[in-house]
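Single-structure report; data block below.
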Amino acid sequence: MAVNELDLLVFQMAVESVRSLCLSFNDKAAEIAARSRGNLLFDVRIDDDAEVQRLAAIRYRGGQIGVLALDRQGLISRYCVVDGTFSRFIAPLENWTNMPVSMQAKIDVTHHAGLFLGALRNAGHMLRN
């Protein structure tokens, strides 16, 4: 099994094992990252989307990124693994997460989050129901 396939399998297993736990989305994303040996990059809100309210991303070795979506009902409804082709969408969200909270409060990244979700959907990931 190739490393990328193994990362995907471990990510999927981690998502399924955490999905039903009574935790906040951020805590679920952090737990999935810990169980699958990835690094949580961000957890951001999505405004004005009929289906998704939050997105989180987890980086794995080899540049793979696991993406989680929280639906309007509060469930992790979609997830996928993508490669570096989405880095231009991920970078502003990751940078914002690494800022002090006082700086985060002054910068709105919901537009960047919406663009990332749109790019995922255009590529066939996170499709609407």
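Residue numbers count from 1 along this sequence. On a predicted model such as this, the values are computed, not experimentally measured, just so you know.
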Going through the distances and angles, do Arg59 and Ile65 end up as a side chain to side chain contact (heavy atoms under 4.5 Å, CB included)? CA-CA 5 Å; Arg59 177 172 285 130; Ile65 305 289; 3.8 Å; yes
Do you know which two heavy atoms are closest between [X] and [Y], and how far apart they sit?
X	Y	answer
Leu68	Tyr79	CD2-CB, 3.8 Å
Arg72	Asp48	NH2-N, 4.3 Å
Leu55	Ile46	CD1-CD1, 3.8 Å
Phe42	Thr97	CB-OG1, 3.1 Å
Val10	Arg35	CG1-O, 4.4 Å
Gly66	Tyr60	N-CE1, 3.8 Å

How many angstroms lie between [atom1] in [X] and [atom2] in [Y], if you round to the nearest 0.5 Å?
X	Y	atom1	atom2	result
Asn98	Leu93	CG	CG	11.0 Å
Ile76	Glu16	CD1	CD	9.0 Å
Asp43	Asp27	CG	CG	9.5 Å
Met99	Glu94	CE	CD	11.5 Å

Report yes if some heavy atom in the side chain of [X] is under 4.5 Å from a heavy atom in the side chain of [Y]; otherwise report no.
X	Y	answer
Gln12	Val15	no
Val67	Phe11	no
His112	Asn95	no

Quiz item: Counting only heavy atoms not in Arg45, do more than 12 fall under 6.0 Å of its CZ?
Solution: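 Atom CZ in Arg45 is not packed in, count stays at 12 or less.
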Please determine whether the number of non-hydrogen atoms from other residues, nucleotides or ligands lying under 6.0 Å from atom CZ of Arg19 exceeds 12.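 Yes, enclosed.
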Q) Yes or no on side-chain hydrogen bond (donor to acceptor under 3.5 Å, both in side chains) for Thr110 and Asp108, after CA distance, side-chain angles and deciding distance? A) CA-CA 6 Å; Thr110 55; Asp108 182 12; 2.7 Å; yes
Charged N to carboxylate O under 4.0 angstrom, Glu31 versus Lys28?
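Here Glu31 does not pair with Lys28 in a salt bridge, since their nearest N and O are not under 4.0 Å apart.
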request  = Might you work through the side chain to side chain contact (heavy atoms under 4.5 Å, CB included) test for Arg121 and Val52, ending with a clear yes or no?
outcome  = CA-CA 12 Å; Arg121 285 177 172 151; Val52 175; 3.7 Å; yes
Give the C-alpha distance, both sets of side-chain angles, the deciding distance and a yes or no for side chain to side chain contact (heavy atoms under 4.5 Å, CB included) between Gln64 and Asp83.
CA-CA 5 Å; Gln64 297 275 79; Asp83 59 23; 4.0 Å; yes
Sub-3.5 Å donor-acceptor pair from the side chain of Gln104 to the main-chain atoms of Trp96, do we have one?
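Yes.
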Q) Linking I/L/V/M/F/W/Y whenever any side-chain heavy atoms sit under 4.5 Å apart, do Leu75 and Val18 land together? A)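 Each belongs to a different hydrophobic cluster.
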Query - Co-membership, hydrophobic cluster, residues Leu23 and Leu40, 4.5 Å side-chain - result: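 Linked, Leu23 and Leu40 end up in one cluster.
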| Ring geometry between Phe116 and Phe89 (parallel below 30°, tilted from 30 to 60°, perpendicular above 60°) |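 Because their plane-to-plane angle is under 30°, the rings of Phe89 and Phe116 count as parallel.
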